[in-house]
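Quick one: the structure is below, questions incoming.
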Amino acid sequence: MMMNWQEKYRDKIYTAEEAVSHIRSGDKIIFGDWAGEPPVLIEALMAKANTLKNVEIIHGMSPGPNTHIDKAYEGHFHHTSLFLGEKTRSAYREGRVDFLGGSNFHEWPKIFARNPDINPHWAFIQLSPPDEAGDCSFGISCCFTEPAARTAAQVIAQINPNMPYMGGEKINLDAVDYLVPAETPLYSIGRLDIDKKTQTIADYVADLVEDGATIQLGIGTLPDAIARNLMSKHHLGVHSETLTEAMMELVEAGVIDNSMKTVNRGVCIGAQAAGSKKFYRYLDHHAMFATMPVDYVNDPFEIGKNYKQTSINGCIEVDLKGQANSESIGGIQYSGVGGQLDHVRGARLSEGGKSILTLNATAKDDTISKIVPFFEAGNVTTVSRYDIEYVVTEYGVADLKYKNERQRAEALIAIAHPKFRDQLRFQGKKIGVL
Ligand code: COA
């Protein structure tokens, strides 16, 4: 009779409280990315916060309850965040979170390994139950969860039966120091209704996606709307930071078959997956989906090996010279680069590739133009004018590749909201691009 894995590895099995009892003041802990964060270990760590001082927690978007970032834990925990989201933004402004800006996502594993301030003693991760060989899947979050386990001195893993066993990178239980079996729900993402403006942008983007292309799409309403518009395409493939529920629908419809991919033919490759519980169940043992570490999936050279790699990402504003800011508002960090620049550059290296940046033409009820003559002080350039290609708003498509300054400014003004066009032309003359 087959031996139960918990019997085989009983010497390594602990409760969450027992496993985290080894954490000491001053230790550095990296959490797995996204759903690779293990809720039961984080709760057990918070429960012993009063006995700890200056524990450094390194994390990504960190979608969980995140109360460990609250002011109440000041002095006990300090954070280094690789991305600013809804929950970390205020803590960043209040000094409880250091932001690891200026680094591309595919390089983060090198940062954990080489920056002594965050080189982790511990990785807290979440895994699927093992197969017969004792190999666990990183499931919907291989991303920097695998690099975290690879780098940290010791690994504590929550083994969660809800985590799908997916193709791609695995970790053997021999490489894990403490095993904590616990069933908790995985973080999931709902879908929102698509408004008219979003649908218009999605229509323009879908026209740019060619049959046989390999696509990268983010999460959110716009990528969803774009994916729905791809139903009439043929032989699409996926090499994307995130695998999304819309991709499942395109696989089921036979639109995504990965048959034209020049690497990983037949398989959708992602660093992570995000969607509903139904999507996660679908991914379990599905031969067409695999997750791999971010230093592979987001490496521009690896991305660029794909034929017609087409990257689609959002940005906050674009200036008349063709620089895009995708991460700051009002001079302050708002989100992070994520894999945006990795995928823009990878698409540029790909034969027949395209990179597409999308944005609404305006913000705040049409009072602010997102096509601007220049950025306000403190706002950063995420995609430089040397890397940018297509920019799409609800007013159309600006193809900036191989264009001179004047042509770029004209193309961008043509996709700005009409009420701002004269003003942009006036400013464009002042700064010499028109
Ligand atoms: N000036 C002032 N406010 C602005 C603004 C501008 N130029 N642009 C946006 N805003 C405001 C919006 O009004 C909105 O405010 P609200 O929350 O009060 O309504 C808020 O900022 C968010 O704007 P929105 O356009 O809805 O952003 P989004 O949720 O679509 O996200 C990015 C856009 C660019 C921030 C997001 O895509 C991002 O972080 N990208 C970088 C990382 C990335 O691309 N990852 C994927 C790579 S694989």
Side-chain angles (χ1 to χ4, degrees), residues 33-34 60-61 81-86 88-90 99-106 108 143-144 189 192 194-195 197-198 201-202 205 215-226 238-244 247 269-274 294 297-300 303 309-319 323-347 355-383 387-388 391-394 416-417 420 424:
D33 189 27
W34 168 234
M61 198 189 285
S81 184
L82 304 157
F83 192 89
L84 294 188
E86 207 181 311
T88 32
R89 240 167 245 144
S90 54
F99 174 60
L100 207 69
S103 317
N104 285 304
F105 202 179
H106 80 277
W108 289 0
C143 204
F144 70 74
I189 287 189
L192 300 169
I194 298 165
D195 62 24
K197 214 185 262 184
T198 306
I201 297 175
V205 173
I215 57 169
Q216 172 259 323
L217 270 179
I219 43 176
T221 316
L222 180 62
D224 256 13
I226 293 166
V238 173
H239 184 112
S240 184
E241 180 179 310
T242 308
L243 300 171
T244 68
M247 291 171 184
I269 295 290
Q272 59 195 9
V294 71
V297 178
N298 276 21
D299 182 337
I303 297 168
Q309 176 77 29
T310 304
S311 79
I312 304 162
N313 291 292
C315 65
I316 288 170
E317 58 182 351
V318 179
D319 77 8
Q323 310 183 93
N325 156 27
S326 311
E327 48 185 316
S328 46
I329 298 177
I332 296 173
Q333 192 71 33
Y334 177 80
S335 59
V337 63
Q340 182 168 125
L341 190 54
D342 290 337
H343 282 275
V344 165
R345 288 181 169 160
S355 86
I356 303 166
L357 293 181
T358 62
L359 73 172
N360 289 341
T362 58
K364 307 287 175 207
D365 294 327
D366 292 345
T367 57
I368 296 175
S369 177
K370 288 162 67 96
I371 304 293
V372 293
F374 37 76
F375 299 151
E376 103 175 73
N379 278 2
V380 298
T381 300
T382 310
V383 177
D387 292 308
I388 201 160
V391 180
V392 179
T393 71
E394 66 274 29
H417 189 294
F420 291 108
L424 284 165

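Counting starts at 1 for both ligands and their atoms, in listed order. By convention here, the first residue in the shown sequence is residue 1.
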Protein heavy-atom partner closest to atom 48 (S) of ligand 1 - residue, atom, separation in Å: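 I find the closest protein heavy atom is E241 OE1, 3.0 Å.
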With side-chain contact (heavy atoms from CB on, under 4.5 Å) as the test, pick out the partner of V238 among I269, T244, L217, L243.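 Testing each of I269, T244, L217, L243 against V238, the sole residue satisfying side-chain contact (heavy atoms from CB on, under 4.5 Å) is L243.
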Heavy atom of the protein closest to atom 41 (C) of ligand 1 (residue, atom name, distance):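 Going atom by atom, the protein heavy atom closest to atom 41 (C) of ligand 1 ends up being G336 O, 3.2 Å.
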With heavy atoms only and a cut-off of under 4.0 Å, state how Y334 meets ligand 1: side chain, backbone, both or neither.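 Under 4.0 Å from ligand 1, Y334 contributes side-chain atoms alone.
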Below 3.5 Å, N or O to N or O, backbone or side chain included: is there any such pair between E317 and ligand 1?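 No.
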Look at atom 44 (O) of ligand 1 and say whether a protein heavy atom is found at less than 4.0 angstrom from it.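 Yes, at least one protein heavy atom sits under 4.0 Å from atom 44 (O) of ligand 1.
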What do you think, any protein heavy atom under 4.0 angstrom from atom 23 (O) of ligand 1?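 Answer no: nothing from the protein, no heavy atom, is under 4.0 Å.
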Is ligand 1 less than 4.0 angstrom away from at least one heavy atom of G218?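 Judged by the 4.0 Å heavy-atom criterion, G218 does not count as contacting ligand 1.
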Considering only protein heavy atoms, determine whether one is less than 4.0 Å from atom 15 (O) of ligand 1.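 Protein heavy atom within 4.0 Å of atom 15 (O) of ligand 1: present.
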Non-hydrogen atom of S240 closer than 4.0 Å to ligand 1: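 S240: no contact with ligand 1 (<4.0 Å).
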Can you pull out the closest protein heavy atom to atom 32 (C) of ligand 1? Residue, atom name and distance to 0.1 Å, please.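 Result: S326 O, 4.2 Å.
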Checking a contact table here: which protein heavy atom is nearest atom 39 (O) of ligand 1, and how many Å away?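 Going by distance alone, atom 39 (O) of ligand 1 is nearest to S335 OG, 2.7 Å.
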Considering only protein heavy atoms, determine whether one is less than 4.0 Å from atom 28 (P) of ligand 1.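 Under 4.0 Å from atom 28 (P) of ligand 1, zero protein heavy atoms found.
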Going by the atom numbers of ligand 1, which of them fall below 4.0 Å from some non-hydrogen atom of V337?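 In order of numbering, the contacting atoms are 42 (C), 43 (C).
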Side chain, backbone, both or neither: which part of C315 comes within less than 4.0 Å of ligand 1 when only heavy atoms are counted?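 Backbone only.
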Where's the contact between Q340 and ligand 1, heavy-atom distance under 4.0 Å: side chain, backbone, both or neither?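 It is both parts that get close, each with some atom under 4.0 Å.
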Are any non-hydrogen side-chain atoms of V205 and I201 less than 4.5 angstrom apart?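 Result yes, sub-4.5 Å side-chain heavy-atom pair found.
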Please state which option from I329, I316, L84 has its nearest heavy atom closest to atom 21 (O) of ligand 1.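 Going through I329, I316, L84 one by one, I329 has the nearest heavy atom to atom 21 (O) of ligand 1.
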Just wondering, do S369 and L424 contact through their side chains at under 4.5 Å, heavy atoms?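 Counting from C-beta outward, L424 and S369 do come under 4.5 Å.
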Do the rings of F144 and F105 sit parallel, tilted or perpendicular, given the 30° and 60° boundaries?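 Perpendicular: the ring planes of F144 and F105 meet at over 60°.
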Residue and atom name of the nearest protein heavy atom (relative to atom 25 (O) of ligand 1), distance in Å to one decimal: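 Sorting protein heavy atoms by distance from atom 25 (O) of ligand 1 puts K370 NZ, 3.8 Å first.
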Just to check, does E327 reach to within less than 4.0 Å of ligand 1 when the distance is taken from its heavy atoms?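 No.
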Given side chains that start at C-beta, do those of R345 and N104 come closer than 4.5 Å, heavy atoms only?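 Yes; the side chains approach each other to less than 4.5 Å.
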Any side-chain heavy atom of I371 within less than 4.5 Å of one from E317?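 The answer is no, as the side chains (C-beta and beyond) never meet within the 4.5 Å cut-off.
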Closest contact, heavy atoms only, P223 versus G218: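 Heavy atoms only, the tightest pair is CB-O, 3.1 Å.
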Among all protein non-hydrogen atoms, which one is nearest to atom 19 (O) of ligand 1, and what is the separation to 0.1 Å?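 The answer is K364 NZ, 4.4 Å.
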Report, one line per pair, each donor and acceptor closer than 3.5 Å where one atom sits in a side chain of residues 357-366; sequence neighbours left out.
unit_1	atom_1	unit_2	atom_2	d
T358	OG1	N313	O	3.4
T362	OG1	D366	OD1	2.6

One residue to check: V372. Relative to ligand 1, which of side chain, backbone, both or neither has a non-hydrogen atom less than 4.0 Å away?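 For V372, there is no contact with ligand 1 at all, from either part.
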Between W34 and A273, is there a donor-acceptor pair closer than 3.5 Å when you use the side chain of the first and the backbone of the second?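 Checking the backbone N and O of A273 against the side chain of W34, a donor-acceptor pair under 3.5 Å is found.
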Begin from the C-alpha positions of D224 and T221 and carry the test side chain to side chain donor-acceptor pair (under 3.5 Å) through to its verdict. CA-CA 5 Å; D224 256 13; T221 316; over 6 Å; no
What atoms of ligand 1 come within less than 4.0 Å of a heavy atom belonging to Q216?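 Those atoms are 48 (S).
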Does the protein place any heavy atom closer than 4.0 Å to atom 9 (C) of ligand 1?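 Yes, because at least one protein heavy atom sits under 4.0 Å from atom 9 (C) of ligand 1.
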Does atom 36 (C) of ligand 1 have a protein heavy-atom neighbour under 4.0 Å away?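 Neighbour list for atom 36 (C) of ligand 1 is empty of protein heavy atoms (cut-off 4.0 Å).
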State, yes or no, whether a side-chain contact exists between D33 and Q272 at a heavy-atom distance under 4.5 Å.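 They are in side-chain contact.
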Would you mind telling me if ligand 1 is within reach of the side chain of N313, the backbone, both or neither, using heavy atoms under 4.0 Å?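 Contact part for N313 vs ligand 1: side chain (C-beta onward).
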The single option from N298, D342, D299 passing side chain to side chain donor-acceptor pair (under 3.5 Å) against H106: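 Filter result, single survivor: D342.
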Work out which heavy atom in N325 is nearest to a heavy atom in S328; give both atom names and the distance.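 Of all heavy-atom pairs spanning N325 and S328, the closest is ND2-O, 2.8 Å.
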Test item: Y334 and E327 side chains (from C-beta on) under 4.5 Å apart, heavy atoms: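 SC-SC contact between Y334 and E327 ruled out.
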